Amino acid sequence: MPNRLADATSPYLLQHAGNPVDWWPWGPEAFEEARRRGVPVLLSVGYAACHWCHVMAHESFEDEGVAAYANERFVAVKVDREERPDVDAVYMEAVQAATGQGGWPMTVFLTPDKEPFYFGTYFPPEPRHGMPSFRQVLEGVHAAWRDRRDEVGEVAARIRADLSERASVYAVGSGVHQPPGETGLHEALVALSRDFDERRGGFGGAPKFPPAMVVEYLLRHHARTGSEAALEMAVRTGEAMARGGIHDQLGGGFARYAVDADWVVPHFEKMLYDNALLLRAYLHLWRATGSPLARRTALTTADFLLRELRTPEGAFASALDADSTDPATGSSVEGAYYVWTPAQLAEVLGDADGEYAAELFEVTGAGTFEHGASVLQLLADPADDAAHERVRSRLFEARAARPAPARDDKVVAAWNGLAVAALAETGALLDRPDLVEAAERAADLLLAVHLTPDGRLLRTSRDGRPGPNAGVLEDYADTAEGFLALFAVTGEAEWLQLAGGLLDTVLKHFADGTTGALFDTADDAEELIRRPQDPTDNATPSGWTAAANALLTYAAYTGSARHRTAAERALGIVGALAPRAPRFIGWGLAAAEALADGPREVAVIGSAGDPATAALHRVALLGTAPGAVVALGEPGAGSDEVPLLADRPLVGGAPTAYVCRHFVCDAPTTDPAVLAERLGATAEAGGAPS
C-alpha cells in the first residue's frame, strides 16, 4: 500500500512511495505528529540519481522488519534535496560539523522542534568497516530518546546554537570586506596554482570534480591581465576532462565526478547543472583559444542536453541515474550502460574495427572499471576522423539498445536557468539556431509554470505541473542569468525586463540591508532552525555569487546604481574568502573579474536584417572582456526599455557599435575588426575558423 509520498511531484519521493516505511513528506504535519506521539523524527535526505540512496533503500527501507521498528518509534520524513536545498543545507552543515564529512543519503534524527541531535549518511544493513548497521542506529537513538531525554535536548540545543553562530560569520565577512581588486584576484590565482594538478589537470586529488566555475574565473583573469598561467590551467583542465572517462565519448555530456585523480572512472550519474556549466565553460574555452576540442565538446554536450534531458514541455530534466540494468545479470549496476569489454566491441564492430576501437578508446582486457570492463577515453585525437566517427556512431547505436539509466524528469528553475544561458550563447556563437530556440522554449516554460502572478518563482515542476516549494536564491539568480543571456543573443527587451523583476525580488526578500549579505531563502520562507546562507560554490554557483553576477550585469545594461551597489556589497565576501579558498568561490571570483574590468558595455545599433549588424553583434558576443554585456537594438531605440541603447545614433548610416564603461563610451565604430580589438576578440574565436 502506498505511503504519504504517493502524491509527490518529486521522482525521488515517488521512488519511496511503496516502501514499508511510513514516510511523511517534509511539512508541519510530520512534526506535529512527532510531538503528539512524543517520538523523534527520522529525516532521510537524498535525490533520484544518488547511487547510495538506492542502495540504502533496497537494504533497509524495503526491509519489513526495519520498517516496522522505525514506524513504531519514529516519524520518518523523506526529503528530495533538489526540491528542498534549504532543508538539505541546514542539516548537512550540522552533519559535516559533527562528523567531518557529508554525503547522501543523509540520515539525521531530530526533535519535534526540528533540532538535530544525531547524524550520519549511509548506514549498512549489517555492521561493516566499523560502521553500525542501520537497525543498530535506530535502536541506539530510540534508547537515548527513551532513557536520556534531557541529555538529547541539551545536545540539540547546543547544535542549534552552534549553527546560528556559524551563520553570522558570512554576514560579518561581507560587511567589512571589499570585493577583491587587482591584488586579491592575483592572490587567488597564486593559491589556485598551488592546488593545480600539473600532470592530470584539475585541482586536488581523488575524487576529482569538474571545476567549471573556476575555469570561468581563469579565462576572465587571462582576458583581463594576459596571464598565461591562468589560461594554461584552464586549457589543461578542459582537455583532461574532455579526453577522460568523465566525458561520455559516445554520446557527449559529463558525469558528476571522477572517483580517481586521472578523470578515468566517473561516478556515472549525469546532472543537468554540471552539463550546463561545462557547456558554457567549453564554449568560452573555444572563444579564448579557438580549440577544436573545446568546440567539439561544447557541441556534443549541447546535443546531449537536447537529446537526453529535454522534457516534452521544452525544459530540461534534472539528471540521469548512475545505475542501469545489466543485461547479463538482470540486476541494477552502476555504469552498466556506459562500459565496454574488448569482446563487446568486437561483437558490435567486427574484429578489425573492434581492435581499432579498443586502441582508440583505451579498452583493455584488464579493464579500468569493475569486472574487466573499461570506461571509454579518447586520450589523443584520431588520425582518421572518418574511422573514428564510423566506430563511434555504431557503438552509440548499439549502446542505445541497452537498458537506459532512469531519468529524474523534474524541472529545477535554477538549473534550467543555467542551461538557458549556455544554450543561448552556444547557439549564437556556433551557428546553431536550434540551440537558441531550445533556450527560448525552456525560458518560456519557466515563465509559464514557475513564475507566479506575484512575481515569485517556484523551485520545481514536473510534466508541466508546478511543485509545491518556493524558489530559493539560486533559482532567482540563475534564471535571471539565463534571461540576461537570452537578451544579449536575441535583443528582445522582454528578457531584460523579466531579469530585472527577478533581481528586484532578490533585493527585497533575500538581501540583508545592513551588511549586503544574501540569504539562500526569502524572508517570508518557512522558518527552519536557522536561515541558510552560504556564499561558497558547491556543484553549482552559490546563489549569493550568482545573484551578485546577475545584479552586476543588469546594472551594466540599465545604469542602475542600486543594483550595482548591491552587487559590490555582495562581492565583499569574495574578498574575505578568495585568498583562503579560491576553489570554492570561483563564480564569485569570475564576477569580481567583471567588476574589475567595468564590466564593458557594448551597444550594437542597426537594422535587424542587415548583415553588417549581424557581423558587429557576433563580434561583440565573441569578445572575451570579463562579463561584458551586449545590447542589440534598432536605430532610435528608446531609453525606457534598454538605457544602454539610448542616444546611440548610426555613424554614416551604417550599423554601429559603442563600447562603454559606466555608460562613458569610446568613439563609435562600424568596423568589426576595431570592435574585436576593443573586446579581446577576432573575427572568429582565437583566429580559428568556426
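What you see is a predicted model, and the numbers here were worked out from it, not measured in a lab.
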Could you measure the distance from the [atom1] atom of [X] to the [atom2] atom of [Y]? Nearest 0.5 Å is fine.
X	Y	atom1	atom2	answer
E239	H247	CD	NE2	12.5 Å
R392	D385	CZ	CG	12.0 Å
E440	L435	CD	CG	11.5 Å
T553	L503	OG1	CG	9.0 Å

Task: Carboxylate-amine/guanidinium contact E437 R432, below 4.0 Å - done: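 Salt bridge between E437 and R432, a charged N being under 4.0 Å from a carboxylate O: no.
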Please examine the side chains of [Y] and [X], heavy atoms only from C-beta on, and report whether any two atoms are closer than 4.5 Å.
X	Y	value
L451	L502	yes
F487	L632	no
M241	P211	yes

Task: Evaluation steps, ring pair (Phe, Tyr, Trp, His ring centres under 6.0 Å), between F483 and W495 - done: CA-CA 5 Å; F483 291 172; W495 297 120; 5.2 Å; yes
Is it true that [Y] and [X] share a donor-acceptor pair across their side chains at a distance under 3.5 Å?
X	Y	answer
H284	E425	yes
T536	D534	yes
H450	D475	no

Task: Cationic tip of K208 above F203 ring, under 6.0 Å, 45° of axis - done: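 That pair does not qualify as a cation-pi contact.
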- [ ] Using the salt bridge (charged side-chain N to carboxylate O under 4.0 Å, His left out) rule, take E481 and R280 through it: C-alpha gap first, then chi angles, then the decisive distance, then the call.
- [x] CA-CA 12 Å; E481 178 82 9; R280 209 174 186 191; 2.9 Å; yes
Open item on the list: Around atom NE2 of H186, are there more than 12 heavy atoms from other residues, nucleotides or ligands closer than 6.0 Å?
Closed with: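 Not more than 12 within 6.0 Å, no.
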Open item on the list: Can you classify the ring geometry of F209 versus Y257 as parallel (below 30°), tilted (30 to 60°) or perpendicular (above 60°)?
Closed with: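 F209 and Y257: tilted rings.
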- [ ] Go through R618 and D431 one step at a time and tell me if the salt bridge (charged side-chain N to carboxylate O under 4.0 Å, His left out) criterion holds.
- [x] CA-CA 10 Å; R618 177 173 175 75; D431 195 25; over 6 Å; no
Open item on the list: Show, in sequence, the C-alpha distance, side-chain angles and deciding distance for E601 and R661, and conclude whether the salt bridge (charged side-chain N to carboxylate O under 4.0 Å, His left out) test is met.
Closed with: CA-CA 6 Å; E601 306 137 359; R661 281 188 176 93; over 6 Å; no
TODO: Scan W544, F519, Y476 and name whichever one has a ring-ring contact (aromatic ring centres under 6.0 Å, His included) with F510.
DONE: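 Looking at W544, F519, Y476, the match for F510 under the ring-ring contact (aromatic ring centres under 6.0 Å, His included) is Y476.
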